[in-house]
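Here's the structure we're looking at; comments come further down.
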Amino acid sequence: MSHRPRGVGAALVWLVAASACGGRRPVEGVAEPRVEVSAESIRTPPPAAEPPTGAEPLHPVWRFLTEKYDADRDGRITAAEYGRGEASYARLDADQDGLVSAADFAPEWTGVPRVEDFRYGEGGPEEGAPAPGFTLTTTDGATVALADYQGEKPVVLVFGSFT
Amino acid sequence: MYLHEAHPVDGVLPERHDGNWLMGTPERGLLVEDPQTLAERTALARHCQEQMQLGIPFLVDTMDDAVNRAYAAWPDRLYVLDADGSVVYRGGKGPMGFRPDELAGVLTEMAEFYGR
């Protein structure tokens, strides 16, 4: 936390987490990966897709999945092998042929979102407005309520996720 | 505050540009399934916490994403709350609006206001 100014520590409660992605700065010359999504655009493959060739390197996600879930090593992951539910399996099955295989990670699916990227709007409480309360558990299993800090110290909230 | 996973293998994949993968190979350990239970979400948040070594508590949002919704926090965002529970600073939505430098400025002003 190199941005943490001197002398503030005692006045602050660092309530929450940071994101591996959150502090990321866009790499010059590389477009942001986010794709604008509408209900219609989901699962709409780009036209004139070439079939994968043997020379294509294995998609890292496909490699990850086969190593973890393809128990019989037949190059396909069945729903039973995957075992994480229909919805998640269906998202992996990009070509919707009912079976997760290397074809679902072929170049034709590059950039095609498999799930709507929900963001819960643009708003949130405005400056000067009361912060919505919450009671949550920590990674250590403790229960923490925002109200516990009210009247005590300022609070920094850092929202994010791992990837 | 750990929210909803941004780029799980069964979600919105960070796809490749110019043959380079933006994120994740099995070796780098950034490929994860979307957590389906609070226990899985907590385990992933704990893993993130260990990787990041930030030394601050990590809270985990509930599976209905209640706090994510209340703060429009997706995919990442910064807030500063005053001691009276009001919002002092609402950062932009990440990743482009996620500005630790703005946060530092707000905290410096607050420290001066409160007389350190």
Side-chain angles (χ1 to χ4, degrees), chain A residues 3 5 7-8 11 14-24 30-31 33 60-61 63-65 67 84-85 88 91-92 110-111 113-115 117 119-132 134 136-139 144 150-163, chain B residues 1-7 9-17 21-26 30-31 33-34 42 44-46 48-49 52 54 56-60 67-74 76-83 85-87 90 94-95 98 100 104 107-108 110-111 114 116:
Chain A
H3 294 290
V8 179
W14 285 81
L15 187 55
V16 284
S19 163
C21 189
R24 179 167 61 94
V30 177
V61 174
R63 191 154 55 87
F64 168 83
L65 290 170
E67 288 170 4
R84 290 186 60 79
S88 175
R91 292 198 294 271
L92 295 173
T110 295
R114 292 159 190 257
V115 61
D117 188 8
R119 304 192 200 187
Y120 299 135
E122 298 294 324
E126 294 181 5
E127 288 161 11
F134 53 78
L136 294 173
T137 53
T138 70
T139 49
V144 173
Q150 195 157 346
E152 296 288 327
K153 295 173 181 176
V155 172
V156 176
L157 297 176
V158 184
F159 293 98
S161 72
F162 182 44
T163 57
Chain B
M1 180 85 64
Y2 180 88
L3 301 172
H4 181 281
E5 194 55 36
H7 299 292
V9 294
D10 53 336
V12 180
L13 292 176
E15 294 288 1
R16 64 185 177 185
H17 297 271
W21 294 92
L22 289 181
M23 201 180 302
T25 65
L30 282 170
L31 295 177
E33 300 88 344
D34 196 21
T42 302
L44 185 52
R46 191 179 301 119
C48 177
Q49 186 174 23
M52 298 289 291
L54 291 176
I56 57 175
F58 270 47
L59 301 188
V60 184
V67 182
N68 189 353
R69 293 171 195 270
Y71 285 84
W74 180 255
D76 36 50
R77 196 165 201 176
L78 295 166
Y79 282 84
V80 178
L81 315 181
D82 211 342
S86 63
V87 175
R90 176 181 65 171
F98 191 93
L107 298 184
T108 302
M110 290 179 77
Y114 282 113
R116 289 176 167 75

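Naming: A, B, ... by sequence-line order, numbering from 1 per chain.
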> Hey, are the side chains of V67(B) and Y120(A) touching, using non-hydrogen atoms and a 4.5 Å cut-off?
Replying inline: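 No, every pair of side-chain atoms sits at 4.5 Å or beyond.
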>> So M110(B) and P154(A), do their side chains get closer than 4.5 Å, heavy atoms only?
In response: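 Contact flag for P154(A)/M110(B) side chains = yes.
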Compare every heavy atom of [Y] with every heavy atom of [X], then report the nearest pair and how far apart it is.
{"X": "L31(B)", "Y": "P60(A)", "result": "CD1-O, 3.5 Å"}
{"X": "D34(B)", "Y": "R84(A)", "result": "O-NH2, 2.9 Å"}
{"X": "G160(A)", "Y": "D76(B)", "result": "CA-CB, 3.9 Å"}
{"X": "H4(B)", "Y": "S161(A)", "result": "O-CB, 3.4 Å"}

> Which one, G151(A), P125(A), G128(A), leads in non-hydrogen pairs under 4.5 Å with chain B?
Replying inline: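 If we count pairs closer than 4.5 Å to chain B, P125(A) comes out on top.
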> Among P130(A), G124(A), G85(A), who wins on heavy-atom pairs under 4.5 Å with chain B?
Replying inline: G124(A)
>> Just so I understand: if I count every heavy-atom pair under 4.5 Å between each of R69(B), Q49(B), R46(B) and chain A, which residue has the most?
In response: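 Most heavy-atom pairs under 4.5 Å with chain A: R69(B).
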> In terms of heavy-atom proximity below 4.5 Å to chain A, should E5(B) be classed as side chain, backbone, both, or neither?
Replying inline: both
> Side chain, backbone, both or neither: which part of A129(A) has a non-hydrogen atom closer than 4.5 Å to chain B?
Replying inline: backbone
> Do you know which of T139(A), T138(A), L136(A) makes side chain to side chain contact (heavy atoms under 4.5 Å, CB included) with V60(B)?
Replying inline: T139(A)
Interatomic distance, [X] atom [atom1] to [Y] atom [atom2] [nearest 0.5 angstrom]:
{"X": "S86(B)", "Y": "Q150(A)", "atom1": "OG", "atom2": "CD", "value": "8.5 Å"}
{"X": "L157(A)", "Y": "R90(B)", "atom1": "CG", "atom2": "CZ", "value": "13.5 Å"}
{"X": "D82(B)", "Y": "K153(A)", "atom1": "CG", "atom2": "NZ", "value": "14.0 Å"}
{"X": "L44(B)", "Y": "T163(A)", "atom1": "CG", "atom2": "OG1", "value": "7.5 Å"}

>> Which label fits F159(A) and Y71(B): parallel for a plane angle under 30°, tilted from 30 to 60°, or perpendicular past 60°?
In response: tilted
